[in-house]
Amino acid sequence: MSAHVLSNVVVGLLFVLGIATGVFVRRNRLWREALFELWRRRRVSILVIGVYVLVALLDSIAWVGGGDVEGVAAHEARSVIDRIFEGTREASYSAPLAATSFYGKEPLKAPSRHLLGTDILGRDVFHRTLKGARVALLIGGVTSAIAIPLALLLGVSAGYFGGRLDDVVFFVMSTLASMPGLLLLIALILALGKGTWQICLALGVTSWVGLCRVTRGEAFKLRELDYVQAARALGVSELRIVWRHVLPNLMHLVIITFVLMFSGLVLSEAILAYLGIGLDGSWGQMIDQARDELSRDPVIWWNITAAGTALFALLLAVNFVGDALRDILDPRTLREDL
Amino acid sequence: MLAYMLRRLAYGGLVVLGVLFFLFVLFFAVATPDDIARRALGEKARPEVLEQWKANHGYDRPLWPWQSFDDNLLFDHYRRMLTFDFGNSDADDVPISRRLREGAGASLSLTIPIFVLGGVLGVLLSLFVAFFRETYIDSMGVFLAVLAMSVSILLYIVGAQYLIAKLLRWFPISGFDPDPAVILRFLALPVLVGIVSGVGGDLRFYRTVFVEESSRDYVRTARAKGAGELRVMVAHVLRNGLIPILTRVVVAIPFLFTGSLLLESFFGIPGLGSLTVDAINGNDFATLRVMVFIGALAFVVGQVLTDLSYSLADPRVRLE
């Protein structure tokens, strides 16, 4: 299956998942109230994140063909975002809203001028910045899809069942936690090789430990609670207890940790981009490519400003939502950890 | 007591062995010696050249004990790492231990000022913010902390180099000279960037600790007996809040030795962080292995020492 087909299928799945979550939240009074409270406190941040998600989704819906575009191979799939900016490529740099390009002095092709200028290859900077949203959300999403199930499986089974299994999980956690995080991440990527999946796998391996520690501790506490004891006395099977009584009572911790982890993942990717092992098209890569442009004359400031601002605004919104979520969903447990 | 100490020590040793096994799997089994040789010599290298390179770097033996018990890379890896016989770099055959000795001083001269000044600044700021808790000064402080946490360190570095070094010309853009007369000129900017990029997270964490402490009963008692608000903050809240803060700070000490990758490489400081960045760019797996091992070893030793000193100071710890 080619990459763009997979991407389209994922968009469809996310859509279904979104509707299912919406139905669940509508029916569940506690989650509904929590989310309403979150919306009341963090309206702007949620709207900002919504815009990023929308852009990322639009950039994930891609198909082949539709018009003959200069510089694009016939079999290459282009997303909705790509199609909006089609045919706006210039010869080289042009400043934001300028009427001519840097070198040729010929008038620009774009009928409406380049809002954020163009880069050294004449590509529209606004276009590239928008495309970075998909990469950033991909990093957070795929990594979480790897790390959260792993952390839940190991953390809950270690905390709930204890014994030998707990010893093994705890040993693996201490081993991974004792290596410096960034070095471990780099070592993993160099050993696994470059690429989206490898980077997300490496980020997953380095980030599941934190969540695992939290879920292990919480499962350990939940095991002793009256309703779990009652279920056990009634003869409910252990697996069913975990599924019905332990996991639902951990979900809020998972959500908070996910949101608070997200900004760390995106920031790590920016560092990886500087080391030359990041993802193609990420804001980190844009910043890395643009840092030498500040010493050109005239100064090319719009590349680094656009990528930096896009990264900053997303992380700021996510951090604010994460803080509010922690206050709303969990008044105590995570205070000391995160 | 002695039993607890021995158990803790043994567990630390076990974790070090675990780290070494993880590194072996990563750098010998996942990235095989063939991969490492091909990365060093290029995809088009002829097979005999690859074999020769592997023989020169000691990679031409079986990996696992069950292939050859007397002469295998797994045992060799353990023996060499545990005796600190790190061998030569994969990239240019310089002894790695010499590189480590040369780089450690430069790294520490950068990381220790960041650690000390950043820690003091973080505690003072958070104490100030917690003093004005639930006022607009408090919410402004938290807002600024989150703001500072949302900026990539790349932007901090590039911004500081552009504004302070290039436009204002206060400090050199990059460079290093260990001569004490001029070292400050070169270290000022990277230390500043290091402090600013870390203070947001510290401030948010320490503030939570202090705000939580100041709602405890002993604080009310202190007020009731007539202690002033400032005295309550410094003599009572700060002293009790130092316990969780010290736990967080002590964990960071071992990693001072591994330096800072980005700050050192951007500001041209020839420390262990730069060494690591060069190893990454040059596919020098031997150096990278050693750096991860040194970091983990320092961390485990630090943890064991912390736990042992806790067990001496606090009898409750031993019961757990």
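All values derive from a computational prediction rather than experimental measurement. Chain letters run A, B, ... following the sequence lines, proteins first, then strands; residues in each count from 1.
Of the listed residues Val151(B), Val16(B), Ile153(B), Asn283(B), the one with more heavy-atom pairs under 4.5 angstrom with chain A than any other is Val151(B). Per-residue counts of heavy-atom pairs under 4.5 Å with chain B were compared for Phe320(A), Trp283(A), Tyr274(A); the largest is that of Tyr274(A). When Leu23(B), Val158(B), Asn281(B), Leu297(B) are compared by the number of non-hydrogen pairs under 4.5 Å with chain A, Val158(B) comes out ahead. Chain B forms more heavy-atom pairs under 4.5 Å with one residue of Asp323(A), Leu184(A), Leu182(A) than with any other, namely Asp323(A). For the options Val172(A), Val318(A), Leu315(A), heavy-atom pairs under 4.5 Å to chain B are most numerous at Leu315(A). Ranked by heavy-atom pairs shorter than 4.5 Å toward chain B, the options Ile277(A), Leu190(A), Leu311(A) are led by Leu190(A). Residue with the most contacts toward chain A among Leu147(B), Val30(B), Val142(B): Leu147(B) (heavy-atom pairs, distance under 4.5 Å). Chain A forms the most heavy-atom pairs under 4.5 Å with one residue out of Leu262(B), Val300(B), Leu17(B), and that residue is Leu262(B).
Contact of Ser174(A) with chain B is made through backbone and side chain together, with heavy-atom distances under 4.5 Å. With a threshold of 4.5 angstrom between heavy atoms, Ile294(B) does not approach chain A through any atom at all. Interface remark: Thr276(B) contributes side-chain atoms only to the contact with chain A (heavy atom separation under 4.5 Å). Contacts between Ile287(A) and chain B at a heavy-atom distance below 4.5 Å involve the side chain alone, from C-beta outward. For Ile280(B), the parts lying near chain A are the backbone and the side chain together; criterion is any non-hydrogen pair under 4.5 Å. Neither the backbone nor the side chain of Ile189(A) comes within contact range of chain B; no heavy atom of the residue lies under 4.5 Å from a heavy atom of that chain. Contact of Ala177(A) with chain B is made through the backbone alone, with heavy-atom distances under 4.5 Å. Contacts between Phe285(B) and chain A at a heavy-atom distance below 4.5 Å involve the side chain alone, from C-beta outward.
Side-chain contact between Ile271(A) and Leu261(B) is absent, with no heavy-atom pair separated by less than 4.5 Å. Using a 4.5 Å heavy-atom cutoff, the side chains of Leu188(A) and Phe22(B) are in contact. Inter-residue side-chain proximity for Arg291(A) and Ile157(B) is flagged as unmet; no heavy-atom pair is nearer than 4.5 Å. Looking only at side-chain heavy atoms (C-beta outward), Ile186(A) and Val292(B) stay at 4.5 Å or farther from each other. With contacts defined as side-chain heavy-atom distances shorter than 4.5 Å, the pair Leu155(B)/Ile304(A) qualifies.
How far CG of Leu183(A) is from CZ of Arg289(B): 14.0 Å, rounded to the nearest 0.5 Å. Here OG of Ser178(A) is found 9.0 Å from CD of Gln303(B). Values are rounded to the nearest 0.5 Å. A distance of 7.0 Å separates CG of Leu275(A) from OG of Ser265(B), quoted to the nearest 0.5 Å.
Contact between Leu267(A) and Ser152(B) at its shortest, heavy atoms only, is CD2-CA, 3.5 Å. Closest of all the heavy-atom pairs between Gly284(A) and Leu154(B) is O-CD1, 4.3 Å. The nearest pair of heavy atoms linking Phe255(B) to Pro180(A) is CE2-CG, 3.6 Å.
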With side chain to side chain contact (heavy atoms under 4.5 Å, CB included) as the criterion, how do Leu316(A) and Met149(B) come out once you've worked through the C-alpha distance, each side chain's angles and the decisive distance to 0.1 Å?
CA-CA 8 Å; Leu316(A) 192 62; Met149(B) 284 168 65; over 6 Å; no
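Taking the six-membered ring where the residue is Trp, Tyr11(B) and Phe171(A) present perpendicular rings, their angle passing 60° and hence far from 30°.
By the 6.0 Å contact criterion, CH2 on Trp197(A) is open, its count of non-hydrogen atoms from other residues, nucleotides or ligands being 12 or less.
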